[in-house]
Amino acid sequence: MTLTLPSSLAPFSQRVITLLQSVPYGRVATYGAIAAAAGSPRAARQVVRLLHACSDKYQLPWHRIVNRDGEIVLSDEASRWRQARLLEAEGVSVDARGRVDLPRFGWQPPG
DNA sequence: GCCATGGCTAGTA
DNA sequence: GCCATGGCTAGTA
């Protein structure tokens with residue numbers, strides 16, 4: 001399901017989006033790991049921005065991205081609840097504090 | 001100026 | 001709880 005990304009998108013953003021699309025079903029990745037694999041270890045916030053802005057357009061598995069502690073960190077409660085439900089529907093258990101067990105479900109991007 | 005981070009320290013218990 | 005971080009975009013000149 002190789003989707004050609006528009007060249008109007010900056011190279012870093014293209015790499016981030018491609019990496020996000022490769023996070024497997026039933027696994028999670030962290031903002032920082034995606035940023036690092038895209039070549040900019042401190043650009044985790046840029047991953048955040050892209051997820052926020054482009055999830056719909058590029059069908060990104062936004063729910064599979066958590067922070068470095070495995071926590072769901074969305075700002076509003078309804079979205080946090082939705083993310084937890086989407087993860088559990090894939091077999092990823094989320095505890096009462098909205099945390100995923102990274103050693104068990106974490107996925108490391110290549111590179 | 002945005003943004004759903006991350007790494008640090010201070011301040012409690 | 002603070003604040004430096006970073007790639008990008010919107011909006012002004």
Side-chain angles (χ1 to χ4, degrees):
Chain A
M1 82 169 231
T2 308
L3 173 64
T4 304
L5 298 170
S7 54
S8 60
L9 216 49
F12 178 81
S13 298
Q14 294 186 35
R15 292 197 296 275
V16 168
I17 288 172
T18 299
L19 284 162
L20 288 170
Q21 288 170 336
S22 70
V23 179
Y25 181 98
R27 308 292 296 280
V28 298
T30 68
Y31 301 96
I34 297 293
S40 191
R42 296 188 222 182
R45 296 207 77 138
Q46 187 65 4
V47 175
V48 166
R49 227 200 101 262
L50 286 164
L51 279 173
H52 191 84
C54 305
S55 280
D56 285 349
K57 185 183 272 184
Y58 300 113
Q59 300 182 306
L60 305 179
W62 61 270
H63 60 285
R64 297 183 193 140
I65 314 302
V66 294
N67 78 3
R68 63 154 282 114
D69 296 320
E71 297 166 329
I72 288 174
V73 284
L74 288 182
S75 38
D76 78 290
E77 189 184 336
S79 300
R80 284 196 302 272
W81 182 84
R82 196 149 74 96
Q83 182 170 5
R85 289 306 312 267
L86 286 168
L87 284 174
E88 291 191 324
E90 299 185 359
V92 177
S93 25
V94 180
D95 73 14
R97 293 182 175 81
R99 192 198 298 250
V100 166
D101 184 22
L102 277 184
R104 183 172 175 194
F105 298 106
W107 176 80
Q108 299 297 328

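To find a chain, count down the sequence lines: A is the first, B the second, and so on, and within it residues start at 1. Keep in mind the model is a prediction, meaning the values are calculated, not measured.
Residue A:Arg49 has its side chain nearest to B:dC3 when only B:dG6, B:dC3, B:dA4 are considered. Here B:dA4 is the nucleotide among B:dA4, C:dG7, B:dG7 with the atom lying nearest to any side-chain atom of A:Val73.
Listed for the A:Asp95 side chain is a donor-acceptor partner under 3.5 Å among the backbone atoms of A:Arg97.
Under the Watson-Crick and G-U wobble criteria, each requiring two contacts below 3.5 Å, nucleotide B:dC8 is paired to C:dG1.
One atom, OH of A:Tyr58, and another, P of C:dC8, lie 13 Å apart when rounded to the nearest Å. The interatomic distance linking A:Leu51 (CG) with C:dG7 (P) rounds to 16 Å, in whole Å. Taking atom CD on A:Gln14 and atom C1' on C:dC8, their separation rounds to 13 Å, with Å as the unit. A straight line from CZ of A:Arg64 to P of B:dA4 spans 21 Å, rounded to a whole angstrom. Between the CG atom of A:Leu20 and the C1' atom of C:dG7 there is a distance of 14 Å, given to the nearest Å. Rounded to whole Å, the distance from CD1 on A:Ile34 to C1' on B:dC3 is 17 Å. In this structure, A:Leu9 atom CG and C:dC8 atom P are separated by 8 Å, rounded to whole Å. In this structure, the CG atom of A:Leu50 is 15 Å from the C1' atom of C:dT5, given to the nearest Å.
In terms of heavy atoms, A:Leu9 sits closest to A:Gln14 at O-NE2, 2.7 Å.
Residue-level contact check: A:Ser13 touches the backbone only, with heavy atoms under 4.0 Å from sugar-phosphate atoms and none from bases. Looking at heavy-atom distances under 4.0 Å, A:Tyr31 makes contact with a base.
Non-hydrogen atoms lying under 4.0 Å from DNA chain C are contributed by A:Ser40, A:Arg42, A:Ala43, A:Arg45, A:Gln46, all within residues 38-48 of chain A.
Counting non-hydrogen atoms of neighbouring residues, nucleotides and ligands closer than 6.0 angstrom, the CD atom of A:Glu88 exceeds 12 such neighbours. More than 12 heavy atoms of other residues, nucleotides or ligands shown are found within 6.0 angstrom of CZ on A:Arg27.
In this structure, the side chains of A:Phe105 and A:Glu90 stay at 4.5 Å or more apart for every pair of heavy atoms. A:Tyr31 places a side-chain heavy atom less than 4.5 Å from the side chain of A:Leu51.
Results of the side chain to side chain contact (heavy atoms under 4.5 Å, CB included) test with A:Ile72 over A:Gln83, A:His63, A:Arg99 single out A:Gln83 as the only residue that passes.
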